[in-house]
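Take a look at the structure set out below.
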Protein chains: 2
Amino acid sequence: MQRMSDAIRETLRALPHFHGLDLELFERVVVCAESRTFARGDMIFLHGEEARAFFVVRAGSVRVYRATPDGREQVVHHLRAGQSFAEPAVLSLGRYPVNAIALESRTELVAVDSRFVELLKQEPRLSVAIVSSLSMRLLGLVERIEELAITSAPARLAHYLLKLPAKDADRHLVVQLPLAKKDLASHLAIAPETLSRLLRRWQDRGLIRSKGKTLELLDTRILLAIADRDE
Amino acid sequence: MQRMSDAIRETLRALPHFHGLDLELFERVVVCAESRTFARGDMIFLHGEEARAFFVVRAGSVRVYRATPDGREQVVHHLRAGQSFAEPAVLSLGRYPVNAIALESRTELVAVDSRFVELLKQEPRLSVAIVSSLSMRLLGLVERIEELAITSAPARLAHYLLKLPAKDADRHLVVQLPLAKKDLASHLAIAPETLSRLLRRWQDRGLIRSKGKTLELLDTRILLAIADRDE
DNA sequence: GACGCGACTTGACCGCGGTCAAGGTGATTT
DNA sequence: AAATCACCTTGACCGCGGTCAAGTCGCGTC
């Protein structure tokens with residue numbers, strides 16, 4: 001079990017929350033954590049459930065979303081390796097306000113349970129780090145809200161593509177979609193058909209080249225104009 | 001100046017951040033705070049400026065917004081008496097990520113400056129309180145995301161109206177719009193014309209009665225159905 | 001009270017994007 | 001390799017809601 005424990009350490013150490021923590025204190029955090037594995041489609045927690053732990057993604061990916069009365073869902077977050085979620089539920093709310101589902105088979109999470117809250121109350125160094133990282137989370141959500149407030153579908157998509165981490169190829173950018181297109185559509189609050197049509201139109205106009213999840217952005221100037229058009 | 005200081009105490013005491021703080025510690029927070037008065041249209045801070053303080057509204061109101069390249073602006077928050085803003089900028093970022101402007105003449109704010117951060121590092125009780133209140137703020141933003149995910153204009157409006165603080169009149173509810181209708185339209189991401197037409201249609205159907213910023217909700221059952229229809 | 005300006009309303013028009021339906025194209029399973 | 005299933009694409013349709021334009025209302029100022 002020592003190897004398992006090392007994996008937990010590695011995952012937690014990389015988290016902004018625990019940057020610069022001395023070893024002794026860090027070990028007291030590690031004690032609160034355990035590793036859990038999920039299959040594709042497994043629910044990690046449900047809206048309204050008692051919040052016993054927050055999570056860090058070690059492998060795979062997770063969708064955090066809110067279900068709406070008519071059965072559709074709005075994505076709040078997509079999480080990949082190294083990212084954490086559900087801290088507020090544990091630290092303050094007591095219940096999960098959203099749903100979380102594993103998107104890939106062999107999605108591995110580190111669960112940090114409520115003993116961590118006790119630690120927090122005693123250790124100012126720890127809580128300052130948490131305050132700071134919750135603040136960052138807040139800003140992220142504000143940006144997400146701004147994205148969604150962009151009314152036109154093309155502007156939302158262009159905005160999204162330009163924010164993706166890109167590799168420079170000669171004279172243009174190459175990006176990888178981190179999601180299946182249907183999930184991306186849901187993230188952008190548009191129909192999958194619309195996403196498909198937009199990509200095709202832009203490809204016909206020579207703005208992009210699209211092959212599976214790999215996109216080449218050939219004319220960022222025009223894409224920028226589209227993103228700004230009505231944001 | 002004693003009266004000024006009392007006003008600051010009163011404002012801060014009402015803030016969720018400082019609930020249940022003992023008097024001695026609370027006084028050490030008060031020392032970090034000062035009162036500032038703004039006229040209608042005064043900028044409180046600008047995007048990119050160094051974040052020296054966060055603010056609590058004592059009187060008047062404030063709009064927090066982001067300017068977009070084409071000169072329009074996206075409202076992030078509207079703040080009224082008793083609400084605070086810009087904590088993340090001070091606690092983590094170091095710079096303001098948005099603009100803030102006073103909307104009314106005699107808008108009075110309490111500014112809590114960066115000495116507060118030092119306090120936070122020393123006092124676990126304080127940071128636990130802050131963690132908790134940032135968590136609540138996060139939850140509010142998640143709900144805002146859910147609101148934006150509601151695609152149809154009528155559903156968004158109905159949802160909004162039903163969430164307003166209401167006074168019971170006999171057999172129906174009376175609510176006050178806290179914003180000018182054009183600003184409300186912008187908040188709901190719809191055109192002012194659409195807002196106008198919706199209110200008229202509902203009035204014709206006997207669902208509401210509308211006079212200026214005062215609305216009577218005559219049939220909340222149907223309004224609820226509209227709000228849920230496609231959220 | 002008359003004026004002026006901004007907020008609000010109403011009408012006419014039409015394009016964006018959602019829905020339904022029917023293929024096509026992979027990928028994983030057996 | 002065949003079968004199966006999920007994902008993606010494309011076409012046809014149409015209603016919601018945005019835009020433009022022209023008033024009307026309401027409020028503060030002089």
Side-chain angles (χ1 to χ4, degrees), chain A residues 39-41 61 63 68 70-74 101-106 148-160 176-205 208-215 226-227 229-231, chain B residues 39-41 63 70 72 74-75 103-105 148-160 176-205 208-215 226-227 229-231:
Chain A
R40 176 194 166 96
S61 63
R63 166 158 69 223
T68 58
D70 66 346
R72 304 196 318 180
E73 44 186 67
Q74 177 55 45
I101 189 173
L103 292 180
E104 303 172 27
S105 51
R106 297 201 348 270
L148 286 171
I150 299 174
T151 53
S152 92
R156 272 205 303 281
L157 176 56
H159 186 96
Y160 178 88
Q176 285 284 337
L177 299 181
L179 278 62
K181 284 183 184 159
K182 80 180 176 77
D183 291 328
L184 173 57
S186 159
H187 178 90
L188 296 172
I190 63 181
E193 294 93 329
T194 301
L195 173 59
S196 204
R197 277 188 260 265
L198 282 172
L199 291 178
R200 155 142 295 271
R201 196 162 84 207
W202 291 351
Q203 175 147 347
D204 290 348
R205 289 186 192 166
I208 64 171
R209 199 172 307 140
S210 160
K211 190 191 284 178
K213 289 189 176 180
T214 305
L215 295 188
I226 293 173
R229 174 85 40 177
D230 85 25
E231 108 172 294
Chain B
R40 176 192 166 98
R63 174 189 305 155
D70 63 348
R72 309 199 314 182
Q74 174 58 42
V75 177
L103 293 180
E104 302 173 27
S105 50
L148 286 171
I150 302 175
T151 53
S152 92
R156 273 206 302 279
L157 177 57
H159 187 97
Y160 178 87
Q176 287 283 337
L177 299 182
L179 279 63
K181 284 183 186 160
K182 79 182 176 78
D183 291 329
L184 173 56
S186 157
H187 177 87
L188 296 172
I190 62 181
E193 293 94 329
T194 301
L195 173 58
S196 204
R197 277 188 259 266
L198 281 173
L199 291 177
R200 155 142 294 271
R201 196 161 84 206
W202 291 350
Q203 176 146 345
D204 291 348
R205 290 186 192 167
I208 64 171
R209 199 173 305 140
S210 160
K211 190 191 284 177
K213 289 189 178 180
T214 306
L215 295 189
I226 293 173
R229 173 84 39 176
D230 113 37
E231 108 173 291

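Reminder, nothing fancy here: chain letters follow the sequence lines and each chain counts from 1.
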Next item on the list: Please step through side-chain contact (heavy atoms from CB on, under 4.5 Å) for the pair R201(A) and R197(A), ending with a clear verdict.
Entry: CA-CA 6 Å; R201(A) 196 162 84 207; R197(A) 277 188 260 265; over 6 Å; no
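- Taking atom NZ of residue K211(B) and atom P of nucleotide dC8(C), one finds them 17 Å apart after rounding to whole Å.
- R156(B) contributes no side-chain N or O that, together with a main-chain N or O of I190(B), makes up a donor-acceptor pair within less than 3.5 Å.
- Q203(B) has its CD atom 16 Å from the P atom of dC8(C), to the nearest Å.
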Check: Tell me, for nucleotides 3-13 of chain D in 5' to 3' order, what letter each nucleotide earns: B for a base near a protein heavy atom under 4.0 Å, S for only sugar-phosphate near one, - for neither?
Finding: ----SSBBBB-
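- The structure places CG of L103(A) at 7.5 Å from CG of L179(A), a figure rounded to the nearest 0.5 Å.
- The structure places CG of L184(B) at 8.0 Å from CG of L199(B), a figure rounded to the nearest 0.5 Å.
- Residue pairs meeting the salt bridge (charged side-chain N to carboxylate O under 4.0 Å, His left out) criterion with at least one member in residues 179-189 of chain A, sequence neighbours excluded: R63(A)-D183(A).
- One can place CD1 of I150(A) at 18 Å from P of dC16(C), the figure rounded to the nearest angstrom.
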